[in-house]
Amino acid sequence: MLGGEIARNRYGEFLVARQWYSSPERCGADTEVLRLLLSANSELTEWELQRAADPEKWLLLDTETTGLVGGTGTYAFLIGLAWWESGGIRIEQLFMRDHDEEHSILLELADRLAERPVLVTFNGKCFDWPLLQNRFRMTRQIATPAFAAHLDLLHPARQLWRLQIGSVRLTELEQYVLGAESLGWSRRNDIDSSRIPEFYFEFLRGVAIDGIAGVFHHNRMDLRGLAALAGRIFRMLSQLEGGEQEPLELYAISHLLNRRGECSKARRVYERCLSMKLPEPIARRARNEAARLAKRERDFGRATELWNELASSSEP
DNA sequence: AGAAGGCCTGTTCAGGGAGA
DNA sequence: TCTCCCTGAACAGGCCTTCT
């Protein structure tokens with residue numbers, strides 16, 4: 001029912017389920033966009049950045065756990081991994097059928113990370129990775145693997161779409177940004193994620209297996225959603241001039257560029273979104289920022305023009 | 001429910017330019 | 001040369017959001 005097979009390494013057995021999907025397609029990446037997406041305090045050298053911008057080195061990760069609370073009592077019982085392969089996406093799910101299989105799935109994760117050392121997650125900086133770090137430490141035998149870079153898409157997604165859709169949960173992004181229909185799967189039969197721990201405990205007690213099958217399915221959709229999101233973000237940010245972004249998306253991109261210190265690019269994008277139909281409060285913010293950047297670039301004529309427009313508009 | 005990254009806002013301070 | 005003002009950087013504190 002889980003569609004997996006028994007695998008073995010030096011710490012013992014575990015269950016692994018493997019699938020390949022033709023979508024989402026491999027994501028294109030470049031160093032400029034990656035620099036924008038990595039958090040401001042990530043200090044990669046140019047060489048490390050170039051290496052990290054190779055999607056062949058990316059390992060998408062999403063874990064299912066026995067709870068949200070960190071600490072020693074929470075296990076990552078299912079480690080979902082994905083990478084691009086043969087024009088599509090390969091998914092590998094490492095599952096511990098009992099607590100004594102934890103060492104073997106952690107070792108497997110460490111091996112995968114050695115092959116693909118760029119970690120891609122959604123909220124993984126706050127949730128998945130600290131929890132896994134904790135689990136590695138608890139083994140006292142397997143060193144916490146190092147990665148070359150950690151690309152957490154939650155924060156870029158929030159910057160890009162919060163204005164447009166409010167909540168930027170992965171499922172909301174799939175529905176309103178990526179387009180659930182075009183993704184090729186539906187969340188209609190998805191489980192309620194708050195019941196994930198309960199399904200695992202049922203499995204451990206041997207009560208029911210269909211709940212845990214739902215968890216596997218949920219995890220695969222999260223990984224595919226994450227892959228699709230990565231593709232979408234990289235496409236959007238690499239086509240700043242000629243892309244077909246929504247006005248609010250464009251505003252969000254300019255704001256992102258501005259905060260990352262890319263002033264000239266930010267100004268061009270502010271100007272581009274001002275030529276589109278923006279809600280008035282956002283248009284005012286865009287005008288104000290564009291004016292500030294124009295002044296900074298000593299384009300006083302344009303800065304004055306924008307401030308005059310602001311002064312003559314009705315809002316205070 | 002717990003953790004933590006990042007954003008937002010406000011404050012402080014240093015440095016540079018203009019004017020007396 | 002001194003003073004004042006403006007700007008930008010740095011920092012702190014509070015808040016929000018996401019994950020299972």
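Chain naming here is simple, since letters A, B, ... match the order of the sequence lines and numbering starts at 1 in each.
At whole-Å resolution of the value, CG in A/Leu163 and P in B/dC7 are 13 Å apart. Spacing between atom CZ of A/Phe127 and atom C1' of C/dT20 amounts to 4 Å, rounded to whole angstrom units. Rounded to an integer number of Å, the gap from CG of A/Asp222 to C1' of C/dC19 is 10 Å. Rounded to a whole Å, the CG atom of A/Asn134 is 13 Å from the C1' atom of B/dG2. In this structure, A/Asp152 atom CG and B/dA3 atom C1' are separated by 13 Å, rounded to whole Å. Counting to the nearest Å, the P atom of C/dT20 and the CG atom of A/Leu132 are 12 Å from each other. Distance CD (A/Glu64) to C1' (C/dT20): 7 Å, rounded to an integer number of Å. In this structure, A/Arg169 places its CZ atom 15 Å from P of C/dC16, rounding to the nearest Å.
When heavy atoms are screened at a 4.0 angstrom cut-off, A/Ser193 is found touching base atoms of the nucleic acid. Base engagement by A/Arg158 is indicated by at least one non-hydrogen atom pair under 4.0 Å involving a base atom. Nucleic acid contact class of A/Thr66 (heavy atoms, under 4.0 Å, all strands): none.
Phosphate proximity of B/dC8 to A/His255: present, with a side-chain N or O under 4.0 Å from OP1 or OP2. At least one side-chain nitrogen or oxygen of A/Ser167 sits closer than 4.0 Å to the OP1 or OP2 atom of C/dT18. Listed pair A/Lys125 / B/dG6 meets the phosphate criterion, a side-chain N or O lying under 4.0 Å from OP1 or OP2.
A pairwise comparison of heavy atoms in A/Thr65 and A/Ile196 identifies O-CG2, 3.9 Å as the closest pair.
Remark: A/Arg285 is not positioned above the aromatic ring of A/Tyr251, lacking an NZ or CZ atom under 6.0 angstrom from the ring centre and at most 45 degrees off the axis. Note that A/Arg224 lies in the cation-pi zone of A/Tyr21, set by a 6.0 Å cut-off to the ring centre and a 45° limit from the axis.
Ring geometry for A/Tyr200 versus A/Phe77: interplanar angle under 30°, hence parallel rather than tilted (30 to 60°).
Closest to the side chain of A/Arg162, from the set C/dT18, B/dC8, C/dT20, is B/dC8.
Of the possible polar contacts, none joining the A/Glu305 side chain to the A/Arg302 backbone as a donor-acceptor pair under 3.5 Å is found.
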